[in-house]
Amino acid sequence: MARTIYVLNGPNLNLLGTREPETYGHASLTDVEKLCKATAAQFGLVADCRQSNREGELIDFVHEAHANKAAGIVINAGGYSHTSIALHDALAAVKIPTVEVHISNIHARENFRHHSFTAKAAFASLCGFGIDGYRLAINGLAAKIGAKEIEPKIGTKAKA
Ligand code: CA2
């Protein structure tokens with residue numbers, strides 16, 4: 001089974017932890033990427049984490065995921081979620097199981113955030129869980145692609 005998942009973050013998410021903590025929390029993008037790598041590792045997966053402020057580069061990452069036979073994609077396309085038919089088309093074209101994540105609850109915010117083009121190319125969407133949404137997304141993606149947890153958390157292992 002392909003073991004790599006791509007975690008794609010879009011425009012302005014490199015600013016995480018530096019401003020608007022009331023909306024996006026205090027964690028940085030580095031914290032998000034560490035969380036994703038640790039979560040993926042629990043399922044024997046490797047998270048390849050990318051961020052770009054450019055729409056075309058995000059599309060290139062999606063194509064690269066396909067070329068590298070990635071097992072899945074977790075994407076927070078930021079503002080491009082609400083505008084980018086091209087990113088939707090790239091995700092739809094590669095047919096890689098995809099989960100969309102938003103840190104904030106986009107449905108409780110301005111109307112222009114309520115619609116997501118990229119969500120239409122994803123099998124699931126999560127929003128409003130803060131950065132924990134990435135962990136939840138990887139758990140859901142692992143279940144979808146049949147990746148089993150390989151390191152049960154301490155204290156949860158059944159006694160013989
Ligand atoms: O809630 C999310 O994850 C969003 O995708 C974040 C996007 C926003 O355009 C979407 O509607 C919802 C914006 C990311 C901006 O990130 C910042 C982080 C810290 C400080 C300033 C911006």
Side-chain angles (χ1 to χ4, degrees), residues 4-43 45-66 68 70-145 147:
T4 301
I5 62 168
Y6 274 57
V7 178
L8 304 181
N9 279 294
N12 298 308
L13 286 155
N14 53 313
L15 299 177
L16 275 178
T18 66
R19 47 195 97 156
E20 296 186 51
E22 64 287 354
T23 306
Y24 300 115
H26 291 278
S28 66
L29 182 61
T30 302
D31 295 329
V32 169
E33 294 183 348
K34 278 185 189 160
L35 174 64
C36 290
K37 285 177 188 291
T39 307
Q42 289 175 2
F43 296 96
L45 299 168
V46 174
D48 192 332
C49 301
R50 310 291 180 89
Q51 187 273 335
S52 179
N53 294 321
R54 289 176 291 282
E55 185 176 12
E57 190 169 25
L58 290 165
I59 291 168
D60 288 342
F61 292 156
V62 172
H63 295 171
E64 183 189 310
H66 181 249
N68 289 340
I73 294 174
V74 171
I75 186 165
N76 181 351
Y80 288 140
S81 315
H82 316 300
T83 62
S84 181
I85 295 171
L87 196 45
H88 163 276
D89 289 349
L91 291 166
V94 299
K95 295 188 170 64
I96 298 171
T98 295
V99 184
E100 171 165 281
V101 176
H102 294 285
I103 295 166
S104 63
N105 180 357
I106 56 173
H107 301 293
R109 300 184 65 193
E110 303 95 325
N111 284 345
F112 62 80
R113 296 186 203 276
H114 295 179
H115 177 264
S116 167
F117 285 103
T118 44
K120 291 198 186 302
F123 75 83
S125 300
L126 288 165
C127 71
F129 289 102
I131 71 160
D132 204 36
Y134 290 85
R135 184 185 64 77
L136 297 168
I138 292 171
N139 273 264
L141 181 59
K144 181 79 172 177
I145 65 179

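Counting starts at 1 for both ligands and their atoms, following the listed order. The structure presented is a predicted model; accordingly, all values stated were derived computationally and were not measured.
- Looking at I75 and V101, their side chains never come closer than 4.5 Å, going by heavy atoms from C-beta outward.
- Residue contacts with ligand 1 for N12 involve both N, CA, C or O and side-chain atoms from C-beta outward (heavy atoms, distance under 4.0 Å).
- At under 3.5 Å, a nitrogen or oxygen of H82, whether backbone or side chain, sits near a nitrogen or oxygen of ligand 1.
- Below 3.5 Å of separation, one finds an N or O of H102 facing an N or O of ligand 1.
- The R19 neighbourhood of ligand 1 comprises atoms 19 (C), 20 (C), 21 (C), with distances under 4.0 Å to a heavy atom of that residue.
- Taking the side chain as every heavy atom from C-beta outward, L45 and T4 never approach each other to under 4.5 Å.
- For ligand 1, none of its N or O atoms has an N or O atom of V101 under 3.5 Å away.
- Under a 4.0 angstrom heavy-atom cut-off, N76 registers as being in contact with ligand 1.
- When only interatomic distances are considered, the shortest N/O to N/O separation between Y24 and ligand 1 does not fall below 3.5 Å.
- With respect to the salt-bridge test (charged N to carboxylate O, under 4.0 angstrom), the residues R50 and E64 qualify.
- Under the 3.5 Å distance criterion, with hydrogens and angles disregarded, no donor-acceptor pair is assigned to the side chains of N53 and E55.
- Ring planes of H114 and H107: tilted class, angle from 30 to 60°.
- Taking distance alone, with nitrogen or oxygen atoms compared against 3.5 Å, R113 approaches ligand 1 more closely than that limit.
- Salt bridge K34/D31: absent, no basic N to carboxylate O contact under 4.0 Å.
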